[in-house]
Amino acid sequence: MADIWWKADPHDLHRIVDRVSSVYVERSHLDRDENAVVVINKRETVRIPAAMIAVMLLGPGTRVTHGAIRLLADSGTAVCWVGEQGVRMYASGLGPSRGAGLLHRQAWLVTRPKERLGVARAMYGMRFPGEDVSHATMQQLRGREGARFRKLYQEHSRRTGVRWDGRVYKAGDAFAAGDDLNRLLSAANAALYGICHAVIVGLGASPGLGFVHTGSAISFVLDIADLYKAEYTIPLAFDLTAQGLTDERDARIGLRDQIAETKLLSRIVTDIKSLLNPPGTDFDTPETSELWDERLGSVSAGVNWAADAPAPGDGGDGSDQEPPGPTASLTPADMGERHIAVIGPEFEESTPPQKPEQSPEPPG
């Protein structure tokens, strides 16, 4: 990688495949120290090279400086503001890929019926291990999926002793279903959508270009989340109902813990790339900016095409360096892990100030 990050060509940045898949931060302060992001809380100070992070997930109780955000953006790192352990998606920033290769590939696949059906079959194939779906139509796949879910609900009902009367829900209203099991399923699924959304935008793909689902701004989010419901949200909802834990928060926390324990973030990254990338092709390598040409395909940007001989365009180097970061003793993050979580200690509850005692008013 180039010595000075703000002068680095996108090709000098680490490919996503070589980066830590995600770093989750909660109850901490993010600052910048040269080319690293420094995560500070009352328990520890962790230094993480910015260019080695694919997605930075900022959880509750997190504060971040402008210098840290600028460093992450110029390092090609996605920044997502999320709920506890990433289970809800609130906002996102720059994706890690300087090029649009993965997005173009997704759009190309979605707009061609044959290729779109191939990706949809691959998605269903991940849900039906050991079954051949290579020649199934979408109608056949939908029917097989419906039968699989009906069987799953019945199996978990027998396992937990929780009565199952069918799936009832209303988008945006977890309480519309009435019974506890349906409400927990809706809450857990909403949390799963959040983490899938965060990974999709972090990789530079589009959440709206779905292969099975269509017409929604999160169609691809729904596609990816469906890969994991049978393993995560359905058994979780039945287990919580059997234990009498029926609040929406119980579903969020339960799913959050499972996601952290099983490293689901890394699995989602791998699955998305395997679905969108053709064999032997890697779209993670950042690309320089180019201009589209109807005959040549693309030509260089940053060139004045009015002249006979192309002349390099002028551009600032952005060399206004930020002030030095914190000088505290730093602990490097373990970059051997594909998912890092830095969580500060619980906030101490402040004692409310006591009102001064007032003397009784003299009689009027």
Side-chain angles (χ1 to χ4, degrees), residues 1 5 8-24 37 48-58 69-82 86 89-112 115-116 119 122-123 193-211 213 216-225 227 264-292 298 301 338-340:
M1 185 174 177
W5 60 267
D9 186 271
H11 287 289
D12 294 326
L13 298 175
H14 291 279
R15 298 183 308 162
I16 298 304
V17 72
D18 297 326
R19 299 186 181 202
V20 174
S21 62
S22 66
V23 174
Y24 174 76
V37 173
I48 307 172
M52 287 300 295
I53 308 171
V55 185
M56 174 70 77
L57 303 176
L58 304 182
I69 288 293
R70 179 181 172 189
L71 173 59
L72 290 167
D74 284 309
S75 298
T77 300
V79 182
C80 299
W81 282 260
V82 297
M89 176 73 170
Y90 299 128
S92 64
L94 177 70
S97 176
R98 292 290 181 90
L102 189 64
L103 179 59
H104 287 174
R105 173 67 180 177
Q106 183 184 8
W108 187 86
L109 291 168
V110 165
T111 53
R112 286 161 174 78
E115 284 73 16
R116 181 172 185 171
V119 176
M123 288 180 172
Y193 298 151
I195 192 169
C196 292
H197 197 162
V199 175
I200 288 168
V201 299
L203 288 175
S206 168
L209 298 181
F211 295 87
H213 293 83
S216 168
I218 58 168
S219 292
F220 193 48
V221 175
L222 302 177
D223 283 354
I224 297 301
L227 300 178
L264 180 60
L265 278 170
S266 300
R267 181 176 166 189
I268 297 174
V269 170
T270 301
D271 289 344
I272 291 174
K273 290 164 65 177
S274 68
L275 289 167
L276 298 184
N277 285 5
T281 303
D282 183 10
F283 287 114
D284 288 331
T285 304
E287 302 173 4
T288 55
S289 176
E290 296 178 324
L291 303 176
W292 177 76
S298 61
R338 305 306 296 170
H339 172 76
I340 295 175

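When reading the values below, keep in mind they use all heavy atoms of this one structure, side chains included, and skip hydrogens, waters and symmetry mates. Since the structure is predicted, the reported quantities are computational estimates derived from the model, not experimental observations.
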J.: Is Asp223 reaching over with its side chain to a backbone N or O of Gly210, donor-acceptor style, under 3.5 angstrom?
T.: no

J.: What's the shortest heavy-atom distance between Leu102 and Ala205, and which atoms?
T.: CD2-CB, 4.3 Å

J.: Does the pair Leu57 and Leu265 meet the rule for a side chain to side chain contact (heavy atoms under 4.5 Å, CB included), with working shown?
T.: CA-CA 11 Å; Leu57 303 176; Leu265 278 170; 3.7 Å; yes

J.: Roughly how far, to the nearest 0.5 Å, is the NE2 atom of His213 from the CE atom of Met123?
T.: 10.0 Å

J.: May I ask you to test the Ile200-Ile268 pair for a side-chain heavy-atom distance under 4.5 Å?
T.: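 No, their side chains stay 4.5 Å or more apart.
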
J.: Applying side-chain contact (heavy atoms from CB on, under 4.5 Å), name anything that partners Ile218, two or more places apart in sequence or on another chain.
T.: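 So Ile218 forms a side-chain contact (heavy atoms from CB on, under 4.5 Å) with His197, Ser216, Val221, Leu222.
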
J.: Do Ile224 and Leu275 come close enough that some side-chain heavy atom pair is under 4.5 Å?
T.: yes

J.: What distance do Tyr24 atom OH and Ile195 atom CD1 have between them, rounded to the nearest 0.5 Å?
T.: 10.0 Å

J.: Over all heavy atoms of both residues, which pair between Leu209 and Gln106 is shortest? Give the atoms and the distance, please.
T.: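 What the structure gives for the nearest pair is O-NE2, 2.9 Å.
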
J.: For the residue pair Leu103 and Gly204, what are the closest heavy atoms and their distance?
T.: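 Distance-wise, the nearest heavy atoms are CB-O, 3.7 Å.
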
J.: After noting the C-alpha distance and the side-chain angles of Val119 and Val110, does the key distance pass the side chain to side chain contact (heavy atoms under 4.5 Å, CB included) rule?
T.: CA-CA 9 Å; Val119 176; Val110 165; over 6 Å; no

J.: Drop me the distance from Leu72's CG to Ile48's CD1, to the nearest 0.5 angstrom.
T.: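 One gets 9.5 Å once the value is rounded to the nearest 0.5 Å.
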
J.: Can you list everything that forms a side chain to side chain donor-acceptor pair (under 3.5 Å) with Arg116? Sequence neighbours excluded, please.
T.: none

